[in-house]
Amino acid sequence: MLGDYYIQYIYASTAASVQGDCPLGGVPGIFRFDLNLRRGWNLAVFSLIAKGQEVQTLELASKAVPAEAAWFFGD
């Protein structure tokens with residue numbers, strides 16, 4: 001659903017920035033990257049930011065964790 005998200009950790013061996021768009025595989029849409037990584041573990045928010053009739057835009061970005069986020073532990 002539009003506005004859905006999850007949080008993931010990304011490890012970077014050096015500081016790096018990654019920005020850009022690429023097509024989604026298997027479905028019509030765009031995968032947008034906007035990451036500013038520091039060395040070590042980084043939080044990133046993966047979210048559905050736009051959805052049209054046939055095209056959706058997913059984003060993986062260095063953003064603050066939304067206040068309403070719920071954390072779950074899985075095996």
Side-chain angles (χ1 to χ4, degrees):
M1 293 185 72
L2 189 60
D4 282 354
Y5 64 89
Y6 70 85
I7 309 303
Q8 69 182 57
Y9 283 92
I10 299 171
Y11 184 82
S13 58
T14 61
S17 291
V18 180
Q19 285 85 26
D21 294 347
C22 66
L24 286 172
V27 295
I30 298 167
F31 192 11
R32 177 165 295 148
F33 296 90
D34 187 9
L35 298 168
N36 293 303
L37 305 172
R38 65 187 191 295
R39 184 174 180 265
W41 289 101
N42 298 266
L43 281 172
V45 179
F46 183 82
S47 55
L48 178 60
I49 61 171
K51 187 172 184 177
Q53 292 287 58
E54 297 183 21
V55 178
Q56 58 186 358
T57 302
L58 298 170
E59 180 183 64
L60 181 61
S62 299
K63 293 182 178 179
V65 175
E68 67 276 5
W71 294 91
F72 298 93
F73 177 77
D75 295 321

Please name all residues satisfying side chain to side chain donor-acceptor pair (under 3.5 Å) with Tyr9, sequence neighbours left out, ordered by chain then number. none
Given the rule that I, L, V, M, F, W and Y join up when any side-chain heavy atoms are under 4.5 Å apart, are Val27 and Phe31 in one cluster? yes
Do any side-chain atoms of residues 17-25 form donor-acceptor pairs under 3.5 angstrom with protein atoms, and if so which ones, sequence neighbours left out?
unit_1	atom_1	unit_2	atom_2	d
Ser17	OG	Asn36	OD1	2.9
Gln19	NE2	Asp34	OD1	3.4
Gln19	NE2	Leu35	O	3.3
Gln19	NE2	Asn36	OD1	3.3
Asp21	OD1	Arg32	NE	2.9
Asp21	OD2	Arg32	NH2	3.2

Listing, residues 50-60 side-chain donor-acceptor contacts under 3.5 Å, not counting sequence neighbours, or none:
unit_1	atom_1	unit_2	atom_2	d
Glu59	OE1	Lys63	NZ	2.8

State plainly whether one hydrophobic cluster holds both Phe33 and Ile49, where clusters connect Ile, Leu, Val, Met, Phe, Trp and Tyr through side-chain heavy atoms under 4.5 angstrom apart. no
Anything under 30° is parallel, anything over 60° is perpendicular, the rest tilted; go ahead and classify Tyr6 against Phe46. tilted
